[in-house]
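Treat the numbers as computed from the prediction; the structure is a model and nothing was measured.
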Amino acid sequence: INGSSLAVNARIQSANGYNQNIVFNIQIGNVTVADPLGPDEYGYYIYDSGDLGYSLAPIYEWIEIDNDSGGDGVNLNLSDNGDGNNINNSSAVIDLPFTFTFYGEDYDEITVNTNGWIAFGESSLESFRNYPIPGAGGPSPMLAAFWDDLKTTNNAEIYKYIGDNYVIIEWSEMRTYNNNSTETFQVILFDDTNLTPTGDNEILVQYKDFNNTSNGNLSGWGNTHGGYATIGIENHMSTMGLQYTFNNEYPTAAMPLSDSKAIFITTRNPVETLLGDANQDGEVNVIDVVIIVNHILVLELLPSMGVYISDVDGDGSITILDVIQVIQYILSS
(Lines give C-alpha, C1' and ligand atoms only; values in the text may rest on other atoms or scores of the structure.)
Protein backbone atom coordinates (compact mmCIF):
# COMPACT_ATOMS: atom_id res chain seq x y z
CA ILE A 1 0.00 0.00 0.00
CA ASN A 2 1.07 3.62 -0.39
CA GLY A 3 3.65 4.56 2.20
CA SER A 4 4.80 0.99 2.86
CA SER A 5 8.49 0.66 3.61
CA LEU A 6 10.19 -2.35 1.99
CA ALA A 7 13.58 -3.65 3.08
CA VAL A 8 15.82 -4.41 0.10
CA ASN A 9 18.86 -6.67 0.36
CA ALA A 10 21.77 -5.81 -1.92
CA ARG A 11 25.05 -7.65 -2.45
CA ILE A 12 28.00 -5.54 -3.57
CA GLN A 13 31.02 -7.23 -5.12
CA SER A 14 34.17 -6.15 -6.96
CA ALA A 15 36.82 -7.88 -9.09
CA ASN A 16 39.45 -7.54 -6.33
CA GLY A 17 37.41 -9.53 -3.82
CA TYR A 18 35.22 -6.90 -2.13
CA ASN A 19 31.96 -8.54 -0.97
CA GLN A 20 29.32 -6.98 1.26
CA ASN A 21 25.60 -7.37 1.93
CA ILE A 22 23.68 -4.21 2.75
CA VAL A 23 20.04 -3.51 3.55
CA PHE A 24 18.21 -0.31 2.65
CA ASN A 25 14.58 0.75 2.71
CA ILE A 26 12.41 1.95 -0.15
CA GLN A 27 9.12 3.75 0.45
CA ILE A 28 6.37 2.74 -1.95
CA GLY A 29 4.22 5.67 -3.02
CA ASN A 30 2.91 8.51 -0.88
CA VAL A 31 0.27 8.04 1.81
CA THR A 32 -3.05 9.78 1.23
CA VAL A 33 -6.32 9.92 3.16
CA ALA A 34 -7.62 7.19 0.84
CA ASP A 35 -5.11 4.64 2.20
CA PRO A 36 -5.47 2.48 5.35
CA LEU A 37 -3.68 3.49 8.55
CA GLY A 38 -0.85 1.22 9.66
CA PRO A 39 0.46 -1.28 10.14
CA ASP A 40 1.66 -0.91 13.71
CA GLU A 41 4.54 -3.03 15.02
CA TYR A 42 2.25 -6.02 15.52
CA GLY A 43 0.56 -5.80 12.14
CA TYR A 44 -2.78 -4.07 12.75
CA TYR A 45 -4.35 -1.82 10.11
CA ILE A 46 -7.32 0.53 10.48
CA TYR A 47 -9.42 0.96 7.33
CA ASP A 48 -12.01 3.73 7.17
CA SER A 49 -15.08 4.37 5.04
CA GLY A 50 -13.04 6.51 2.68
CA ASP A 51 -10.52 3.81 1.70
CA LEU A 52 -12.68 2.81 -1.25
CA GLY A 53 -9.76 1.57 -3.32
CA TYR A 54 -9.21 -1.32 -0.88
CA SER A 55 -11.33 -4.45 -0.56
CA LEU A 56 -11.35 -4.22 3.25
CA ALA A 57 -12.81 -0.70 3.44
CA PRO A 58 -15.90 -0.86 5.73
CA ILE A 59 -19.37 0.05 4.52
CA TYR A 60 -21.34 1.94 7.19
CA GLU A 61 -24.61 0.15 7.91
CA TRP A 62 -26.00 0.71 11.38
CA ILE A 63 -27.32 -2.27 13.37
CA GLU A 64 -29.75 -0.91 15.96
CA ILE A 65 -29.84 -2.72 19.33
CA ASP A 66 -31.27 0.14 21.45
CA ASN A 67 -34.61 -1.07 22.89
CA ASP A 68 -36.10 2.42 22.65
CA SER A 69 -35.48 2.36 18.90
CA GLY A 70 -36.80 -1.16 18.31
CA GLY A 71 -33.56 -3.07 18.88
CA ASP A 72 -33.10 -6.36 20.72
CA GLY A 73 -30.13 -5.43 22.89
CA VAL A 74 -29.75 -5.89 26.64
CA ASN A 75 -29.47 -2.66 28.64
CA LEU A 76 -26.31 -2.75 30.79
CA ASN A 77 -27.87 -0.16 33.15
CA LEU A 78 -24.62 1.77 33.54
CA SER A 79 -24.52 5.28 34.98
CA ASP A 80 -21.96 8.11 34.91
CA ASN A 81 -22.41 11.75 35.90
CA GLY A 82 -19.21 12.78 34.15
CA ASP A 83 -15.97 14.39 35.39
CA GLY A 84 -15.20 11.38 37.56
CA ASN A 85 -18.25 11.81 39.79
CA ASN A 86 -20.46 8.86 40.84
CA ILE A 87 -18.76 6.42 38.48
CA ASN A 88 -18.97 3.28 40.64
CA ASN A 89 -21.49 1.88 38.14
CA SER A 90 -19.66 2.98 34.98
CA SER A 91 -18.31 -0.45 33.89
CA ALA A 92 -19.69 -3.90 33.13
CA VAL A 93 -17.84 -7.17 32.55
CA ILE A 94 -19.35 -9.20 29.72
CA ASP A 95 -18.67 -12.87 28.96
CA LEU A 96 -17.96 -13.54 25.28
CA PRO A 97 -19.50 -16.50 23.42
CA PHE A 98 -16.14 -17.14 21.74
CA THR A 99 -12.47 -16.56 22.48
CA PHE A 100 -11.35 -13.16 21.23
CA THR A 101 -7.69 -12.84 20.27
CA PHE A 102 -6.20 -9.33 20.46
CA TYR A 103 -2.49 -8.63 19.95
CA GLY A 104 -1.89 -12.35 20.20
CA GLU A 105 -3.55 -12.75 23.62
CA ASP A 106 -6.80 -14.69 24.18
CA TYR A 107 -9.75 -13.26 26.13
CA ASP A 108 -13.14 -14.71 27.09
CA GLU A 109 -14.55 -11.50 28.57
CA ILE A 110 -14.46 -7.75 28.04
CA THR A 111 -14.98 -4.70 30.25
CA VAL A 112 -17.30 -2.07 28.77
CA ASN A 113 -17.09 1.46 30.17
CA THR A 114 -19.37 4.48 29.86
CA ASN A 115 -16.45 6.59 28.66
CA GLY A 116 -16.34 4.94 25.25
CA TRP A 117 -13.74 2.23 25.72
CA ILE A 118 -13.52 -1.54 25.94
CA ALA A 119 -10.80 -3.35 27.87
CA PHE A 120 -10.14 -6.97 26.91
CA GLY A 121 -10.36 -9.03 30.06
CA GLU A 122 -11.55 -7.64 33.39
CA SER A 123 -10.51 -4.11 34.35
CA SER A 124 -11.16 -2.22 37.59
CA LEU A 125 -10.28 1.13 36.02
CA GLU A 126 -12.86 3.86 35.47
CA SER A 127 -10.73 6.03 33.17
CA PHE A 128 -12.71 9.10 32.11
CA ARG A 129 -9.70 11.27 31.26
CA ASN A 130 -8.44 10.28 27.80
CA TYR A 131 -4.81 10.21 26.70
CA PRO A 132 -2.85 9.37 23.55
CA ILE A 133 -2.35 5.68 22.80
CA PRO A 134 -0.33 3.61 23.22
CA GLY A 135 0.62 4.91 26.62
CA ALA A 136 0.28 4.52 30.37
CA GLY A 137 -3.09 6.27 30.60
CA GLY A 138 -6.23 4.15 30.65
CA PRO A 139 -6.65 0.37 30.67
CA SER A 140 -4.51 -2.05 28.69
CA PRO A 141 -5.30 -3.81 26.42
CA MET A 142 -7.77 -1.27 25.08
CA LEU A 143 -10.10 -0.53 22.22
CA ALA A 144 -10.85 3.20 22.36
CA ALA A 145 -14.01 3.51 20.28
CA PHE A 146 -14.68 7.08 21.48
CA TRP A 147 -12.66 7.53 24.67
CA ASP A 148 -13.80 10.79 26.20
CA ASP A 149 -15.42 12.03 29.40
CA LEU A 150 -18.97 10.87 28.67
CA LYS A 151 -22.10 10.89 30.83
CA THR A 152 -25.40 9.03 30.86
CA THR A 153 -27.72 12.01 31.28
CA ASN A 154 -30.65 12.74 28.90
CA ASN A 155 -31.64 9.06 28.50
CA ALA A 156 -28.21 7.84 27.40
CA GLU A 157 -27.88 4.05 27.60
CA ILE A 158 -25.37 1.32 26.78
CA TYR A 159 -26.50 -2.00 25.28
CA LYS A 160 -25.05 -5.38 24.41
CA TYR A 161 -26.20 -7.95 21.87
CA ILE A 162 -24.65 -11.43 21.95
CA GLY A 163 -24.78 -13.45 18.74
CA ASP A 164 -23.23 -16.84 18.02
CA ASN A 165 -20.29 -15.40 16.12
CA TYR A 166 -20.34 -11.69 16.93
CA VAL A 167 -20.95 -9.29 19.81
CA ILE A 168 -22.33 -5.75 19.52
CA ILE A 169 -21.85 -3.02 22.12
CA GLU A 170 -23.75 0.23 21.56
CA TRP A 171 -23.33 3.57 23.34
CA SER A 172 -26.66 5.26 22.60
CA GLU A 173 -27.17 9.03 22.94
CA MET A 174 -24.24 9.54 25.30
CA ARG A 175 -23.31 13.11 26.22
CA THR A 176 -19.86 14.63 26.52
CA TYR A 177 -19.19 16.23 29.90
CA ASN A 178 -17.62 19.13 28.04
CA ASN A 179 -20.16 20.86 25.72
CA ASN A 180 -22.91 18.24 26.28
CA SER A 181 -22.60 16.93 22.70
CA THR A 182 -24.47 13.78 21.67
CA GLU A 183 -22.53 10.62 20.69
CA THR A 184 -24.02 7.37 19.41
CA PHE A 185 -21.61 4.65 18.27
CA GLN A 186 -21.21 0.88 18.33
CA VAL A 187 -18.50 -1.79 18.34
CA ILE A 188 -18.88 -5.18 16.64
CA LEU A 189 -16.46 -7.94 17.68
CA PHE A 190 -16.29 -10.78 15.15
CA ASP A 191 -15.49 -14.45 15.71
CA ASP A 192 -13.34 -14.72 12.59
CA THR A 193 -9.76 -15.63 13.50
CA ASN A 194 -9.60 -17.89 10.41
CA LEU A 195 -9.57 -14.78 8.22
CA THR A 196 -6.44 -13.13 9.58
CA PRO A 197 -2.79 -14.12 9.07
CA THR A 198 -2.03 -13.61 12.78
CA GLY A 199 -5.10 -15.39 14.13
CA ASP A 200 -6.40 -12.20 15.75
CA ASN A 201 -10.10 -11.30 15.64
CA GLU A 202 -11.45 -8.30 13.75
CA ILE A 203 -13.38 -5.23 14.93
CA LEU A 204 -15.85 -2.89 13.24
CA VAL A 205 -16.65 0.49 14.85
CA GLN A 206 -19.58 2.52 13.52
CA TYR A 207 -20.45 6.14 14.31
CA LYS A 208 -24.08 7.13 13.95
CA ASP A 209 -23.84 10.49 15.74
CA PHE A 210 -20.29 11.85 15.97
CA ASN A 211 -19.50 15.17 17.67
CA ASN A 212 -15.86 15.50 18.71
CA THR A 213 -16.12 18.71 20.74
CA SER A 214 -14.24 18.21 24.05
CA ASN A 215 -11.55 20.77 23.28
CA GLY A 216 -9.79 20.67 26.64
CA ASN A 217 -6.24 19.89 27.71
CA LEU A 218 -4.32 17.69 30.12
CA SER A 219 -2.12 20.36 31.69
CA GLY A 220 -3.80 20.46 35.10
CA TRP A 221 -6.32 18.66 37.29
CA GLY A 222 -8.53 21.74 37.53
CA ASN A 223 -8.57 22.51 33.80
CA THR A 224 -11.21 21.40 31.33
CA HIS A 225 -9.75 18.10 30.21
CA GLY A 226 -10.22 16.08 27.10
CA GLY A 227 -7.89 16.60 24.21
CA TYR A 228 -11.03 15.78 22.22
CA ALA A 229 -11.67 12.00 21.89
CA THR A 230 -9.10 9.21 21.63
CA ILE A 231 -9.81 6.52 19.03
CA GLY A 232 -7.54 3.52 18.40
CA ILE A 233 -6.09 0.36 19.93
CA GLU A 234 -3.22 -0.65 22.20
CA ASN A 235 -1.79 -3.94 23.45
CA HIS A 236 -1.74 -5.39 26.96
CA MET A 237 1.71 -3.90 27.69
CA SER A 238 0.83 -0.37 26.49
CA THR A 239 3.87 -0.59 24.22
CA MET A 240 2.22 -1.05 20.82
CA GLY A 241 -0.86 0.46 19.30
CA LEU A 242 -2.46 2.36 16.47
CA GLN A 243 -3.94 5.79 17.17
CA TYR A 244 -6.58 6.93 14.70
CA THR A 245 -7.10 10.30 16.35
CA PHE A 246 -6.32 12.27 19.50
CA ASN A 247 -6.79 15.99 20.18
CA ASN A 248 -8.80 16.18 16.93
CA GLU A 249 -5.62 15.48 14.96
CA TYR A 250 -5.53 12.70 12.37
CA PRO A 251 -2.61 10.97 10.64
CA THR A 252 -2.52 11.47 6.87
CA ALA A 253 -4.13 8.08 6.19
CA ALA A 254 -7.00 8.65 8.67
CA MET A 255 -10.18 10.21 7.29
CA PRO A 256 -11.67 12.74 9.75
CA LEU A 257 -14.72 11.06 11.27
CA SER A 258 -18.28 12.36 11.17
CA ASP A 259 -21.83 10.99 11.22
CA SER A 260 -22.46 7.68 9.41
CA LYS A 261 -18.81 6.62 9.17
CA ALA A 262 -17.04 3.38 10.11
CA ILE A 263 -13.56 2.02 10.78
CA PHE A 264 -12.43 -1.61 10.47
CA ILE A 265 -9.54 -2.99 12.56
CA THR A 266 -7.69 -6.08 11.33
CA THR A 267 -4.27 -7.60 10.74
CA ARG A 268 -5.17 -8.54 7.19
CA ASN A 269 -3.05 -7.10 4.41
CA PRO A 270 -5.10 -4.79 2.19
CA VAL A 271 -4.05 -6.37 -1.09
CA GLU A 272 -6.10 -9.28 -2.46
CA THR A 273 -3.49 -11.43 -4.18
CA LEU A 274 -5.81 -14.10 -5.61
CA LEU A 275 -9.35 -13.84 -6.93
CA GLY A 276 -11.66 -15.59 -4.46
CA ASP A 277 -9.08 -15.95 -1.70
CA ALA A 278 -11.58 -14.92 1.00
CA ASN A 279 -9.31 -15.81 3.93
CA GLN A 280 -6.17 -14.47 2.20
CA ASP A 281 -4.07 -17.54 2.92
CA GLY A 282 -2.53 -17.49 -0.56
CA GLU A 283 -4.73 -20.27 -1.96
CA VAL A 284 -8.20 -20.50 -3.48
CA ASN A 285 -9.87 -23.69 -2.26
CA VAL A 286 -13.00 -25.13 -0.68
CA ILE A 287 -12.35 -23.22 2.57
CA ASP A 288 -12.88 -19.96 0.69
CA VAL A 289 -16.18 -21.30 -0.68
CA VAL A 290 -17.34 -22.14 2.86
CA ILE A 291 -16.36 -18.67 4.10
CA ILE A 292 -18.26 -16.91 1.31
CA VAL A 293 -21.37 -19.07 1.92
CA ASN A 294 -21.19 -18.16 5.62
CA HIS A 295 -21.06 -14.49 4.69
CA ILE A 296 -24.20 -14.89 2.60
CA LEU A 297 -26.00 -16.53 5.54
CA VAL A 298 -25.21 -13.69 7.97
CA LEU A 299 -25.86 -10.78 5.62
CA GLU A 300 -29.38 -10.28 6.98
CA LEU A 301 -27.99 -9.49 10.42
CA LEU A 302 -24.60 -8.06 9.47
CA PRO A 303 -24.98 -6.62 5.98
CA SER A 304 -21.67 -4.77 6.04
CA MET A 305 -19.59 -7.79 7.01
CA GLY A 306 -19.45 -9.55 3.68
CA VAL A 307 -19.13 -6.52 1.43
CA TYR A 308 -15.45 -5.99 2.07
CA ILE A 309 -14.52 -9.67 2.35
CA SER A 310 -16.15 -11.86 -0.29
CA ASP A 311 -17.49 -9.69 -3.09
CA VAL A 312 -15.60 -11.62 -5.77
CA ASP A 313 -17.36 -10.10 -8.77
CA GLY A 314 -17.24 -6.59 -7.30
CA ASP A 315 -20.95 -5.82 -7.68
CA GLY A 316 -21.36 -4.57 -4.08
CA SER A 317 -23.28 -7.60 -2.77
CA ILE A 318 -22.53 -11.18 -1.77
CA THR A 319 -24.62 -13.76 -3.64
CA ILE A 320 -24.46 -17.30 -4.99
CA LEU A 321 -22.83 -15.84 -8.11
CA ASP A 322 -19.70 -15.12 -6.06
CA VAL A 323 -19.66 -18.74 -4.87
CA ILE A 324 -20.05 -20.04 -8.43
CA GLN A 325 -17.23 -17.83 -9.64
CA VAL A 326 -14.85 -19.20 -6.99
CA ILE A 327 -15.85 -22.82 -7.71
CA GLN A 328 -15.22 -22.25 -11.40
CA TYR A 329 -11.79 -20.85 -10.59
CA ILE A 330 -10.93 -23.89 -8.41
CA LEU A 331 -12.07 -26.35 -11.10
CA SER A 332 -10.04 -24.61 -13.79
CA SER A 333 -6.85 -24.46 -11.73
* Asked: Only one of Ile203, Asn113, Val112 clears side-chain contact (heavy atoms from CB on, under 4.5 Å) with Ile118; which?
  -> Val112

Show which side-chain atoms of residues 257-264 pair as donor or acceptor with protein atoms under 3.5 Å away, not counting sequence neighbours.
unit_1 : atom_1 : unit_2 : atom_2 : d
Ser258 : OG     : Lys261 : NZ     : 3.3
Asp259 : OD1    : Phe210 : N      : 2.8

* Verify, without hydrogens or angle tests, whether Gln27 (side chain) and Gly29 (backbone) share a donor-acceptor contact under 3.5 angstrom. => yes

* Asked: Side chains of Tyr159 and Asp66: is there a donor and an acceptor less than 3.5 Å apart?
  -> yes

* Check against side chain to side chain donor-acceptor pair (under 3.5 Å), Asn194 and Asp192 -> CA-CA 5 Å; Asn194 61 311; Asp192 58 357; over 6 Å; no

* Structure fact -> Val74 meets the side chain to side chain contact (heavy atoms under 4.5 Å, CB included) criterion, sequence neighbours left out, with Lys160

* Under the 3.5 angstrom rule, does the side chain of Thr111 hit a backbone N or O of Ser123 as a donor-acceptor pair? -> yes

* For Tyr103, all residues meeting ring-ring contact (aromatic ring centres under 6.0 Å, His included), sequence neighbours excluded -> Tyr42, Tyr44

Below 3.5 Å, can you tabulate the donor-acceptor pairs from side chains in residues 231-240 to any protein atom, sequence neighbours excluded?
unit_1 : atom_1 : unit_2 : atom_2 : d
Glu234 : OE1    : Gly135 : N      : 3.1
Glu234 : OE2    : Ser140 : OG     : 2.6
Asn235 : OD1    : Met237 : N      : 3.3
Asn235 : OD1    : Ser238 : N      : 2.9
Asn235 : OD1    : Thr239 : N      : 2.9
Asn235 : OD1    : Met240 : N      : 3.2
Asn235 : ND2    : Thr239 : OG1    : 3.1
Ser238 : OG     : Gly135 : O      : 3.4
Ser238 : OG     : Ser140 : OG     : 2.5

* Heavy atoms from other residues, nucleotides or ligands near CG of Asn155 exceed 12 (cutoff 6.0 Å) -> no

Would you list the atom pairs, donor with acceptor, under 3.5 Å between side chains in residues 16-24 and any protein atom, with sequence neighbours excluded?
unit_1 : atom_1 : unit_2 : atom_2 : d
Asn16  : OD1    : Ser14  : OG     : 2.4
Tyr18  : OH     : Gln20  : OE1    : 2.2
Asn19  : OD1    : Arg11  : NE     : 3.3

* Partners passing ring-ring contact (aromatic ring centres under 6.0 Å, His included) against Phe185 (at least two apart in sequence or in another chain) -> Phe146, Trp171

* Which residues satisfy the side chain to side chain contact (heavy atoms under 4.5 Å, CB included) test with Ala144, sequence neighbours excluded? -> Ile133, Met142, Trp147, Thr230

* Given Tyr166, Phe190, Phe120, the one that forms ring-ring contact (aromatic ring centres under 6.0 Å, His included) with Phe100 -> Phe120

* Mind checking side chain to side chain contact (heavy atoms under 4.5 Å, CB included) for Ala92 and listing every partner two or more places apart, or none if nothing turns up? => Leu76, Leu78

* To do: May I ask you to check whether over 12 heavy atoms, not counting those of Glu105, lie within 6.0 Å of atom CD?
  => yes

* Listed partners of Ile327 passing side chain to side chain contact (heavy atoms under 4.5 Å, CB included), at least two apart -> Val289, Val323, Leu331

* Asked: Quick one: does Arg129's side chain get under 4.5 Å of Asp149's, heavy atoms only?
  -> no

* To do: Only counting residues at least two apart or in another chain, list the ones meeting salt bridge (charged side-chain N to carboxylate O under 4.0 Å, His left out) with Lys208.
  => Glu64

* To do: If a pair satisfies side chain to side chain donor-acceptor pair (under 3.5 Å) and one of its residues is in residues 93-102, list it, with sequence neighbours excluded.
  => Thr101-Asp106

* Give every residue pair that meets the ring-ring contact (aromatic ring centres under 6.0 Å, His included) criterion with at least one member in residues 74-95, sequence neighbours excluded. => none

